[in-house]
S.K.: 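The structure under discussion is supplied below as structure tokens; questions concerning it will follow.
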Number of protein chains: 2
Amino acid sequence: MAVKSIKDIARLSGFSVSTVSRVLNNTGRFSDQTRDKIIKIAKENHYSQNIIAKGMRKGSLAIIGILVPDITNAYYAAIVKKCEQYFFEKDYLTIVCNTERNAEIEEKYIAKLSNHIVDGLVVISTQRAISKNRADLPTVFIDRSPKLSNNTITASSDNYAGAVIAANHLVDRGCYPIMLTNKNNEFSSNKSRILGFTQTVKSRGINKPIIINSKTNSDEIYLVKDKIFKQIKKLLKEHQKLGIFAINDNVASYIYQAAIGEGIRVPEQLSIVGFDDTPVASKLQLTTIRQNTSEIARVSSTNLLKILKREDILEHKFTIPVSLVKRKTT
Amino acid sequence: MAVKSIKDIARLSGFSVSTVSRVLNNTGRFSDQTRDKIIKIAKENHYSQNIIAKGMRKGSLAIIGILVPDITNAYYAAIVKKCEQYFFEKDYLTIVCNTERNAEIEEKYIAKLSNHIVDGLVVISTQRAISKNRADLPTVFIDRSPKLSNNTITASSDNYAGAVIAANHLVDRGCYPIMLTNKNNEFSSNKSRILGFTQTVKSRGINKPIIINSKTNSDEIYLVKDKIFKQIKKLLKEHQKLGIFAINDNVASYIYQAAIGEGIRVPEQLSIVGFDDTPVASKLQLTTIRQNTSEIARVSSTNLLKILKREDILEHKFTIPVSLVKRKTT
DNA sequence: CAAAAATGCGGTAACGTTTGCGCAAACAGC
DNA sequence: GCTGTTTGCGCAAACGTTACCGCATTTTTG
């Protein structure tokens with residue numbers, strides 16, 4: 001009961017603290033008898049190592065911090081889960097921070113985590129360049145990276161290729177392609193998707209690609225439903241089949257439901273391709289571009305651990321392939 | 001640059017470490033001049049407190065651990081996010097652990113966290129009673145709690161009331177009610193829902209309530225689709241309108257999609273009520289029983305912090321009200 | 001069998017912080 | 001101007017570990 005520290009085990013076993021420490025960490029020299037006796041006593045008394053003290057001595061608690069806009073978002077949740085599990089395999093714990101994409105909250109988390117509490121940081125999709133005073137903390141970025149220096153390490157999906165696949169898929173199925181984006185078009189991932197769409201559509205003979213920008217967040221797109229459908233209905237008169245490439249599954253699923261409500265047949269009149277492949281997409285049977293979240297997480301985690309082990313990392317940009325998941329909306 | 005510890009600030013300012021510590025923590029006695037000078041130097045040199053050392057001295061790192069089956073599940077994600085945000089408000093960080101409902105993994109996490117790394121634990125829906133050797137760690141439970149002692153603190157939705165609401169809603173709309181559960185019927189939350197359904201249905205004059213147990217996990221229910229629909233179709237011949245109360249939204253949404261595939265009209269022939277109110281339910285326009293995840297998280301977090309502050313907690317069971325969200329499947 | 005090497009173990013400093021205690025100087029009261 | 005109180009600050013111990021170093025004792029070597 002009263003056993004708290006290595007000192008108690010030392011006292012109970014008759015050995016010194018250094019010997020107990022060596023046995024418990026399996027380092028240095030000690031006899032088999034000594035080991036057995038100390039281990040036995042430690043177990044009997046439910047000794048558990050004080051990680052704080054160890055961390056102080058070693059200068060590390062073996063904890064990783066992960067900054068994520070919102071754990072409730074299925075795409076982020078998938079990444080965070082995989083990272084956490086990967087780190088735990090390697091004996092690291094993970095502190096999760098919901099930043100709400102709010103720069104102020106981000107700064108607060110970073111300030112707190114910088115105080116020697118985490119060994120490194122995984123940063124997903126930050127609003128802006130991260131404050132410089134965390135410059136000492138090893139960091140890997142997911143999706144987007146600040147323009148701090150040219151050796152920041154980033155992993156992201158091949159957004160450009162995803163858009164190319166989506167655009168070609170729509171044109172192949174005889175649709176006149178439209179892209180529907182949200183207000184976050186300054187995000188590099190959105191930029192790449194727009195570029196991929198535009199270039200592909202042009203290469204298929206359409207000179208003026210139509211891109212509708214909702215100018216809202218993905219989950220507030222319902223506010224501009226009427227405006228969007230006015231445009232869609234107008235286009236439907238000019239083209240037999242329309243194909244919407246939505247910036248993500250949330251937007252795609254909303255448009256899908258709304259189209260049905262408007263009496264537009266999917267996919268006969270209107271095909272829809274989303275992006276992400278979240279559970280909603282699979283429940284709604286939405287065709288979408290799948291992001292390989294497991295791979296993004298794996299690459300990021302291993303890179304961070306490599307930095308911590310001071311191993312060299314040759315690449316700095318890691319681009320993860322995406323794939324088309326064909327379902328019932330195309 | 002080379003400034004690492006309070007010692008450096010002491011050296012640079014000409015004061016002792018104790019004075020610096022007192023100023024930085026705003027405790028004890030010091031003059032205004034001293035304060036200004038020390039603060040200035042600390043800021044100039046970007047001093048940041050070493051939380052590990054502080055933690056060692058104070059015996060706490062101000063970190064909470066949260067054990068959750070799967071952060072990817074929307075219901076759990078909502079709770080975890082709220083808890084994390086609440087703890088951060090109170091200056092605690094949160095370590096998230098995905099246990100996959102696996103007892104072995106749970107034990108590993110608990111063993112690791114027990115080593116003085118967290119101040120307390122939030123445990124969501126554990127598979128079994130938690131290993132006894134963590135008995136020293138303050139813990140609150142969500143959804144279900146092990147039968148360790150009768151003062152374990154638990155917060156959960158009013159599952160019984162939810163089932164009563166769902167059953168009445170279905171009967172009110174002229175449906176012959178059926179309940180569809182998964183294999184986890186030993187879970188107390190499922191038990192309560194089944195009880196609520198059974199008793200309500202009986203009180204409405206149906207003596208032999210029909211409960212179909214898929215005997216699979218929620219996301220593997222597709223394996224027994226044929227069996228389930230055979231039964232549903234048979235019942236459809238005996239009753240004009242059927243109403244399914246599904247154990248959760250995942251099951252409900254699958255049944256919804258499958259029913260449409262089978263050519264059954266929803267809600268004309270078959271009404272469906274889910275449980276949870278996850279994003280999928282709202283996307284699919286599923287009628288469901290909403291769990292108040294914010295409230296569950298708030299109650300649990302405040303209770304844990306109360307325990308840490310050694311405040312008395314009068315109740316041990318916290319039951320959070322649920323509500324009917326009527327959408328298009330009823 | 002002497003010298004050299006290996007083994008087993010303990011003493012102790014250090015990690016960076018907080019905090020009780022004590023002491024000198026300044027200030028207050030009468 | 002003497003006593004009593006307050007103020008400002010430093011010393012040093014302590015939190016629980018780890019790891020360097022050193023010292024017997026034992027084992028190996030030639």
Side-chain angles (χ1 to χ4, degrees), chain A residues 1-39 41-42 45-63 91 112-119 136, chain B residues 1-39 41-42 45-63 91 112-119 136:
Chain A
M1 287 300 129
V3 174
K4 301 175 69 181
S5 78
I6 217 172
K7 256 182 216 163
D8 300 304
I9 305 302
R11 186 170 38 77
L12 290 171
S13 66
F15 291 99
S16 71
V17 282
S18 20
T19 301
V20 174
S21 172
R22 262 171 298 159
V23 166
L24 261 25
N25 289 292
N26 199 27
T27 60
R29 298 186 298 232
F30 48 82
S31 74
D32 288 355
Q33 287 177 28
T34 309
R35 173 171 41 73
D36 294 346
K37 184 167 184 188
I38 290 179
I39 298 261
I41 293 184
N45 295 82
H46 303 108
Y47 167 75
S48 92
Q49 189 188 46
N50 186 321
I51 295 205
I52 309 182
K54 177 183 183 169
M56 160 124 120
R57 176 71 220 226
K58 295 258 194 180
S60 151
L61 286 172
I63 304 183
D91 264 321
K112 183 128 200 182
L113 294 176
S114 294
N115 296 357
H116 308 87
I117 216 167
V118 295
D119 293 7
D136 44 349
Chain B
M1 290 301 130
V3 174
K4 302 175 68 183
S5 80
I6 217 173
K7 255 181 216 163
D8 300 305
I9 306 300
R11 186 170 37 77
L12 290 170
S13 66
F15 291 98
S16 70
V17 283
S18 26
T19 302
V20 174
S21 172
R22 269 183 310 236
V23 167
L24 262 25
N25 289 292
N26 198 26
T27 60
R29 298 186 299 232
F30 46 83
S31 74
D32 288 357
Q33 288 176 24
T34 310
R35 174 170 41 73
D36 294 347
K37 186 167 180 188
I38 289 179
I39 298 262
I41 293 183
N45 294 83
H46 304 107
Y47 167 74
S48 93
Q49 190 188 46
N50 186 322
I51 295 203
I52 308 183
K54 178 184 184 170
M56 159 122 121
R57 176 70 220 220
K58 296 256 193 181
S60 149
L61 286 171
I63 303 182
D91 263 320
K112 183 128 197 178
L113 295 175
S114 295
N115 295 356
H116 307 88
I117 217 168
V118 296
D119 293 8
D136 43 350

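Quick caveat, the model's predicted, so the values are computed rather than measured. Residue numbers start from 1 in every chain, and the chains themselves are labelled A, B, ... in the order their sequence lines are given, proteins ahead of strands. Hydrogens, waters and symmetry mates are skipped; everything else that's a heavy atom, side chains included, is used.
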S.K.: Please name the pair of heavy atoms, one in Ala10(A) and one in Val20(A), separated by the smallest distance, quoted to 0.1 Å.
M.R.: CA-CG2, 3.7 Å
S.K.: Taking the minimum atom-to-atom distance to the side chain of Met56(A), which one of dT17(D), dC15(C), dT17(C) wins?
M.R.: dC15(C)
S.K.: Base, sugar-phosphate, or nothing for Ser31(A), non-hydrogen atoms under 4.0 angstrom?
M.R.: sugar-phosphate
S.K.: What does Thr34(A) touch in the nucleic acid at a heavy-atom separation under 4.0 angstrom: a base, only the sugar-phosphate, or nothing?
M.R.: sugar-phosphate
S.K.: How large an angle, rounded to 10°, do the end axes of the helix from dC1(C)-dG30(D) to dC30(C)-dG1(D) enclose when each is built from five base pairs?
M.R.: 30°
S.K.: Does the base of dG8(D) carry an N or O that pairs as donor and acceptor with the side chain of Arg22(B) under 3.5 Å?
M.R.: no
S.K.: Is there a donor and acceptor pair, one atom on the side chain of Arg29(A) and one on the base of dA6(C), closer than 3.5 Å?
M.R.: no
S.K.: What I'd like to find out is whether the side chain of Asn45(B) reaches to under 4.5 Å of the side chain of Leu12(B), using heavy atoms alone.
M.R.: yes
S.K.: Determine: side-chain N/O of Ser16(A) to OP1/OP2 of dG10(C), distance under 4.0 Å, yes or no.
M.R.: yes
S.K.: What pair of heavy atoms forms the shortest contact from Gln49(A) to His116(B), and how long is it?
M.R.: O-ND1, 3.9 Å
S.K.: Taking Asn50(B) for its side chain and Ile52(B) for its backbone only, find out whether a donor-acceptor pair lies under 3.5 Å.
M.R.: yes
S.K.: Using atom types as modelled and distance alone, determine if a side-chain donor or acceptor of Asn25(B) lies under 3.5 Å from a backbone N or O of Arg22(B).
M.R.: no
S.K.: Does a side-chain N or O of Tyr47(A) approach OP1 or OP2 of dT17(D) to a distance below 4.0 Å, or not?
M.R.: yes
S.K.: I need the NZ-C1' distance between Lys58(A) and dC15(D), as an integer number of Å.
M.R.: 19 Å
S.K.: Are OP1 or OP2 of dT18(C) and a side-chain N or O of Gln49(B) less than 4.0 angstrom apart?
M.R.: yes
S.K.: Would you please say whether a donor-acceptor pair under 3.5 Å links the side chains of Ser18(A) and Ser21(A)?
M.R.: no
S.K.: On DNA chain D, check which nucleotide each of Ala53(B) and Val17(B) is closest to and give me the residue with the more 5' one.
M.R.: Val17(B)
S.K.: Taking atom C1' of dC9(D) as reference, at what distance in whole Å does atom CD of Gln33(B) sit?
M.R.: 13 Å
S.K.: Rounded off to whole Å, could you give me the CZ-to-C1' distance for the Phe15(A) and dT12(C) pair?
M.R.: 20 Å
S.K.: Decide yes or no for Ile9(A) and Ile38(A): does some side-chain heavy atom of the first lie under 4.5 Å from some side-chain heavy atom of the second?
M.R.: yes
S.K.: dT18(C) phosphate, OP1 or OP2: any side-chain N/O from Asn25(B) under 4.0 angstrom?
M.R.: yes
S.K.: Round to a whole Å and report the spacing from CZ of Phe30(B) to C1' of dA25(C).
M.R.: 19 Å
S.K.: Heavy atoms from C-beta onward define the side chain here; which of dT17(D), dC9(D), dA13(D) lies closest to that of Arg57(B)?
M.R.: dA13(D)
S.K.: Looking at every non-hydrogen atom in both residues, tell me the closest pair between Asp91(B) and Ala62(B) and how far apart they are.
M.R.: O-CB, 3.8 Å
S.K.: Take the protein atom CG of Asp36(B) and the nucleotide atom P of dG8(D), then report the distance between them rounded to whole Å.
M.R.: 13 Å
S.K.: Please report the distance, rounded to the nearest Å, between CG in Leu61(A) and P in dT17(C).
M.R.: 14 Å
S.K.: Between dG16(C) atom P and Arg11(B) atom CZ, what is the distance in whole Å?
M.R.: 12 Å
S.K.: Go through the N and O atoms of the side chain of Ser18(B) and the base of dC11(D), and report whether any donor-acceptor pair is under 3.5 Å.
M.R.: yes
S.K.: What is the distance from CG of Asn50(A) to C1' of dA14(D), rounded to the nearest Å?
M.R.: 13 Å
